[in-house]
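Okay, so here's the structure we're looking at.
Keep in mind it's a predicted model, so treat the numbers as computed, not measured. Chain identifiers are assigned alphabetically (A, B, ...) following the order of the sequence lines, protein sequences preceding nucleic acid strands; residue numbering begins at 1 within each chain.
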Number of protein chains: 2
Amino acid sequence: MILEKKKTFNNFAASKGLRSTRQRDIILDYFLATRQHVSVEELYLKIKSAHPGIGSATVYRTLKLFVEAGLAREVLLHDGQTRYEHVMAGEHHDHLVCTGCNAIIEFENETIEHLQDEIAARHGFLIRNHKLEIYGLCANCRG
Amino acid sequence: MILEKKKTFNNFAASKGLRSTRQRDIILDYFLATRQHVSVEELYLKIKSAHPGIGSATVYRTLKLFVEAGLAREVLLHDGQTRYEHVMAGEHHDHLVCTGCNAIIEFENETIEHLQDEIAARHGFLIRNHKLEIYGLCANCRG
DNA sequence: AAGCAATTGAAAATGAATATCAAAAGCAGG
DNA sequence: CCTGCTTTTGATATTCATTTTCAATTGCTT
């Protein structure tokens with residue numbers, strides 16, 4: 001599915017007349033290799049250790065392209081940094097965020113998705129994406 | 001219910017050993033008088049026109065107190081500003097956010113709330129609050 | 001009224017994100 | 001493989017929301 005995503009990005013780039021560059025390839029590789037919710041800074045530091053030449057501005061710019069291309073999604077947690085997560089085809093996961101230890105538990109619930117569709121339809125609203133975050137204390141932290 | 005909220009804040013202040021100040025009273029009045037999703041800047045400007053002495057740092061500080069006191073909730077939209085909305089006892093509304101015109105439509109759905117409780121229970125998670133935002137185009141903007 | 005700690009306002013500091021711009025790199029067409 | 005044109009990049013400066021700092025003020029207790 002990594003090839004799949006690279007193809008998606010290439011198609012997007014082609015359709016927008018964007019050029020294919022070494023940096024974008026590298027950043028995409030690193031982004032695809034991460035797990036959930038990388039901040040730009042985190043991704044930048046990882047990349048920098050292997051590719052010192054790449055600047056953080058490029059990482060910022062490129063992640064925004066990934067969002068446009070439909071590969072990534074912005075996640076705003078409460079730590080003052082914009083984070084990015086993968087957009088999986090079809091599937092959509094939401095988050096339980098522990099305010100004690102910052103653990104993030106992902107879950108999926110079809111019924112909730114359906115209800116959202118209904119609500120949107122009722123308002124003539126066309127859904128592009130959504131975000132559901134539940135804040136509280138995880139099993140460990142509720143002590 | 002405004003008196004209710006003032007009392008809630010006073011109780012909180014008392015329990016934390018916080019002092020009662022003119023500024024906090026004023027800021028609370030203005031916050032309670034706002035409708036949904038005030039940014040700190042917006043609230044500060046409103047207050048400043050009638051009370052020029054009050055500084056923005058105090059508004060920032062005080063809104064965080066309201067969150068601690070359970071009166072307010074942070075809402076992170078995608079405009080780079082932290083916004084605050086009222087916490088209504090029991091009820092919880094979520095948002096349809098139009099990426100075309102930035103309109104925000106609020107809705108409530110009991111079933112979704114229930115499902116969230118179930119999911120949390122399944123993970124031994126204790127819910128403090130949650131946030132559901134659906135992004136897309138409103139009826140006007142989907143043209 | 002006096003003393004002490006919390007609070008405030010102004011200004012400086014921080015920090016994420018964006019804009020600027022000259023140099024470098026991609027992509028034609030010849 | 002050059003040439004010329006445009007996009008992209010990296011470094012730096014800039015912006016802007018938020019936080020911190022700190023001296024002065026204020027609230028509270030005795």
(message) Per the side chain to side chain donor-acceptor pair (under 3.5 Å) rule, what does the pair list look like for residues 18-29 of chain B, sequence neighbours excluded?
(response) B/K6-B/D29
(request) Return the set of residues passing ring-ring contact (aromatic ring centres under 6.0 Å, His included) with A/Y84 (not counting sequence neighbours), or none when no residue passes. (result) none
Just the table, please: protein N/O against nucleotides 20-22 of chain C N/O, every pair under 3.5 Å.
none

(request) Just grab all the side chain to side chain donor-acceptor pair (under 3.5 Å) pairs involving residues 39-48 of chain B, residues at least two apart or on different chains. (result) B/S39-B/Q81, B/E42-B/R83
(message) Does any part of the side chain of B/E108, heavy atoms only, come nearer than 4.5 Å to the side chain of B/E113, both counted from C-beta?
(response) no
(request) Considering non-hydrogen atoms only, spot the tightest contact between B/I112 and A/Q116 and give its length. (result) CD1-CG, 4.4 Å
(message) Looking at every heavy atom in both A/F107 and A/L132, which two are closest together, and how far apart are they?
(response) CZ-CD2, 4.0 Å
(request) Using heavy atoms to find the nearest nucleotide of DNA chain D for B/R83 and A/V59 separately, return the residue whose nucleotide is more 5′. (result) A/V59
(request) Work out which heavy atom in A/V59 is nearest to a heavy atom in A/I47; give both atom names and the distance. (result) CG2-CD1, 4.5 Å
(request) Would you name the heavy atoms of A/A72 and A/F31 that are closest together and state the gap between them? (result) CB-CZ, 3.6 Å
(request) Would you kindly confirm whether A/L77 and B/L77 end up in one hydrophobic cluster when ILVMFWY residues are joined by side chain heavy atoms under 4.5 Å apart? (result) no
(request) Give, ordered by number, those residues of residues 74-82 of chain B having at least one heavy-atom distance below 4.0 Å to an atom of DNA chain D; if nothing qualifies, reply none. (result) B/G80, B/Q81, B/T82
(request) Walking along DNA chain D from 5' to 3', note the first and the last nucleotide with an atom under 4.0 Å from a heavy atom of chain B, and give both. (result) D/dA17 to D/dC28
(request) Please answer: with hydrophobic residues joined when any side-chain heavy atoms are less than 4.5 Å apart, are B/V97 and A/I119 in the same cluster? (result) no
(message) Can you pull out the residues from residues 37-53 of chain A that lie within a 4.0 Å heavy-atom distance of DNA chain C?
(response) none
(request) Give the minimum heavy-atom separation between B/F66 and B/I27, together with the two atoms involved. (result) CE1-CG2, 4.0 Å
(request) Mind checking ring-ring contact (aromatic ring centres under 6.0 Å, His included) for A/Y135 and listing every partner two or more places apart, or none if nothing turns up? (result) A/H78
(message) I'd like to check the side-chain hydrogen bond (donor to acceptor under 3.5 Å, both in side chains) partners of B/H37; sequence neighbours left out, ordered by chain and number.
(response) B/E85, B/H95
Between the protein and nucleotides 23-27 of chain C, are there any N/O to N/O pairs under 3.5 Å, and if so, what are the atom names and distances?
from	atom 1	to	atom 2	distance (Å)
C/dG26	N2	A/R19	NH2	3.0
C/dG26	N3	A/R19	NH1	3.2
C/dC27	OP1	A/S20	N	3.3

(message) If hydrophobic clusters are built by linking Ile, Leu, Val, Met, Phe, Trp and Tyr wherever their side-chain heavy atoms come under 4.5 Å apart, do B/L126 and B/V87 end up in the same one?
(response) no
(message) Taking the axis from the first five pairs and the axis from the last five, what angle separates them in the helix from C/dA1-D/dT30 to C/dG30-D/dC1, rounded to 10 degrees?
(response) 40°
(request) Please report the shortest heavy-atom distance between A/C138 and A/C98, naming the atom on each side. (result) N-SG, 3.3 Å
(request) Determine the contact category for B/K16: base if any of its heavy atoms lies under 4.0 Å from a base atom, sugar-phosphate if only primed atoms, P, OP1 or OP2 are that close, otherwise nothing. (result) nothing
(request) Using the test salt bridge (charged side-chain N to carboxylate O under 4.0 Å, His left out), find all partners of B/K7 that sit at least two apart in sequence or belong to another chain. (result) none
(request) Check whether any side-chain heavy atom of B/L96 lies under 4.5 Å from a side-chain heavy atom of B/I104, and answer yes or no. (result) no
